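Have a look at the structure below, then the notes.
From a predicted model like this one, the values you see are computed outputs, not experimental measurements. Keep in mind that the numbers below use all heavy atoms, side chains included, and drop hydrogens, waters and symmetry copies.
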Amino acid sequence: LGRKAARRWAIKRAELEAINALMTTSAITIERVYRGYLGRISASVARMEMAEFISMIRMEEATEDEKEYWRTHTYARLKRDARILAKSAIAKLRTSPLEATAEIEMPKGGI
């Protein structure tokens with residue numbers, strides 16, 4: 001009777017150890033998958049932050065380059081300013097010609 005009980009207990013203990021090993025392996029696998037998921041999320045956030053930073057730097061460089069261009073190209077700057085002035089004057093005339101002519105100052109001596 002003792003040997004049968006010992007054999008049954010040995011089989012039961014082997015089953016319990018196998019189940020324990022399976023559960024441990026499963027837990028490790030789940031943890032590995034979850035850590036990989038978190039790593040991918042943090043990598044995605046880091047990539048987005050890096051892209052925004054690079055975009056901001058490029059915009060600042062483009063602004064500086066444009067300022068430098070207009071500072072060194074005076075004739076082009078004058079043409080641009082004249083064009084902008086003409087467009088704004090034409091836009092004022094198109095919206096309300098009476099108001100635009102009222103804004104024009106007449107000479108003091110009369111016509």
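- Counting heavy atoms from C-beta on, the side chains of Arg71 and Glu68 come closer than 4.5 Å.
- Expressed to the nearest 0.5 Å, how far CG of Leu16 lies from CE of Met23 amounts to 10.5 Å.
- Taking the side chain as every heavy atom from C-beta outward, His73 and Arg77 never approach each other to under 4.5 Å.
- Salt bridge Arg58/Glu61: absent, no basic N to carboxylate O contact under 4.0 Å.
- Rounded to the nearest 0.5 Å, atoms OG (Ser55) and CE (Met48) are 10.5 Å apart.
- Of the inter-residue distances, the one linking Trp70 atom CH2 with Leu78 atom CG reads 10.0 Å to the nearest 0.5 angstrom.
- For the pair Glu31/Tyr34, no side-chain contact is recorded, criterion being any heavy-atom separation below 4.5 Å from C-beta on.
- Atom CD1 of residue Ile28 and atom CZ of residue Arg35 lie 10.0 Å apart, to the nearest 0.5 angstrom.
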Exercise for review: Any chance you could lay out the side chain to side chain contact (heavy atoms under 4.5 Å, CB included) test for Lys12 and Arg8, step after step, and finish with the verdict?
Suggested key: CA-CA 6 Å; Lys12 187 70 170 174; Arg8 272 189 262 151; over 6 Å; no
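- Without hydrogens or angle criteria, Ser44 side chain to Arg40 main chain gives no donor-acceptor distance under 3.5 Å.
- With values rounded to the nearest 0.5 angstrom, Ile90 atom CD1 is found 10.0 Å from Leu85 atom CG.
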